[in-house]
Amino acid sequence: MTTAIITAQDVHLYYGKKEALKGITMQIKRGEITAMIGPSGCGKSTFLRSLNRMNDLISNVKITGEIDLEGQNIYGSEMDTVQLRKRVGMVFQQPNPFPFSIYENVVYGLRIAGINQRERLDEAVETSLRQAAIWDDVKDKLDQSALALSGGQQQRICIARVLAVQPEVILLDEPTSALDPISATKIENMLLELRQHYTIVIVTHSMHQASRISDQTAFFYQGELIEMDQTKQIFLNPREQKTEDYISGRFG
Ligand SMILES: Nc1ncnc2c1ncn2[C@@H]1O[C@H](COP(=O)(O)OP(=O)(O)O)[C@@H](O)[C@H]1O
Ligand SMILES: [Mg+2]
């Protein structure tokens, strides 16, 4: 039985007066890939960011309800957000490597955590780059700038940077939509491999991507979670008319 690693209970989120999430309740299962789909502006990114408190960085945001990680309320007063964002890492749509070497990009989080022993860093670099399926591309130029890489390679460096701190959950917000199809496929294949060790939550506007890589799919519409189920079920036999309309391309 797969158990929930994250549980959201009646989550409402407001940007000022605008209610962007209208009572989201869902469970994210450990060791699975959960995809979030829905038309632009329906709250996918907002919900994703609420899972590691990235919305805290936006002014005028109010959130109610509860989100638990391993049974602990992440909005509780004893939750350390730096620690939380290590446990729940995030990858964005636009690859955002730092203007440092490939090596220093990957070890960034470890250095912040005070880890500086060369051996440990070297090992983390190789392991993370291998997991991100980019070791062979970059192993001979680790001291070169990450900014010199292609977009797809940069995105894999960003994924390696998240993996280096050994998170439990990886959040990805449309990680391939700025990339060419070949780079996108490489990242999809990598995520399928990573699934063995991590829980993955991915926002995607590609229904093909959701159906190819995810175990569970959540369909959002206008700030509500309309339906969440096993991916096959959502795409072959959705319960809700709105889901059916969306996946058959009638809107969005
Ligand atoms: N920083 C923000 N400030 C104010 N409104 C926002 C902000 N981010 C998103 N929104 C609004 O919240 C709603 C949900 O947006 P978002 O979560 O980005 O949707 P999606 O990722 O599904 O496209 C939209 O109406 C959007 O305009
Ligand atoms: Mg978005």
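Both counts, for ligands and for their atoms, begin at 1 and track the order of listing.
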**Q** Please list, by chain and number, the protein residues whose heavy atoms come under 4.0 Å of ligand 1.
**A**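 Lining ligand 1 at under 4.0 Å, by heavy atoms, one finds Tyr15, Lys18, Ala20, Pro39, Ser40, Gly41, Cys42, Gly43, Lys44, Ser45, Thr46, Arg49, Ile58.
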**Q** Give every residue pair that meets the ring-ring contact (aromatic ring centres under 6.0 Å, His included) criterion with at least one member in residues 108-143, sequence neighbours excluded.
**A**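 Of all non-adjacent pairs touching residues 108-143, those that pass ring-ring contact (aromatic ring centres under 6.0 Å, His included) are Phe98-Tyr108.
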**Q** Kindly indicate whether a cation-pi arrangement holds for Arg118 with Tyr103, taking the cut-offs as under 6.0 Å to the six-membered ring centre and within 45° of the axis.
**A**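 So Arg118 does make the cation-pi contact.
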**Q** Identify which protein N/O/S atoms are less than 2.8 Å from the Mg ion (ligand 2).
**A**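 For the Mg ion (ligand 2), the protein N, O and S atoms that sit under 2.8 Å away are Ser45 OG.
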**Q** Taking transitive links into account, so neighbours of neighbours count too, which hydrophobic residues share a cluster with Ile170 at under 4.5 Å side-chain distance?
**A**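 ILVMFWY cluster around Ile170 also holds Ile33, Val91, Ile159, Val162, Leu163, Leu172, Leu179, Ile187, Met190, Leu191, Leu192, Leu194, Tyr198, Ile200, Ile202, Ile213.
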**Q** Are Glu224 and Lys22 close enough for a salt bridge, meaning some N to O gap below 4.0 Å?
**A**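 Lys22 and Glu224: not salt-bridged.
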**Q** Between Asp229 and Arg239, does at least one N-O distance fall below 4.0 Å, as a salt bridge requires?
**A**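 A salt bridge is present here (some side-chain N lies under 4.0 Å from a carboxylate O).
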**Q** Kindly work out whether a path of hydrophobic side-chain contacts (I/L/V/M/F/W/Y, heavy atoms less than 4.5 Å apart) joins Val82 to Ile67.
**A**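 No.
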**Q** Restricting to non-hydrogen atoms, name the atom on Ser177 and the atom on Gln93 that form the minimum distance, rounded to 0.1 Å.
**A**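 Heavy atoms only, the tightest pair is OG-NE2, 3.0 Å.
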**Q** Is the shortest distance from a Lys or Arg side-chain nitrogen in Glu104 or Arg111 to a carboxylate oxygen in the other one below 4.0 Å?
**A**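 Judged by the 4.0 Å cut-off on N to carboxylate O distance, Glu104 and Arg111 do form a salt bridge.
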**Q** Kindly assign one of parallel, tilted or perpendicular to the pair Phe220 and Phe47, based on the angle between their ring planes and the thresholds 30° and 60°.
**A**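 If you compare the ring of Phe220 with that of Phe47, the planes turn out tilted.
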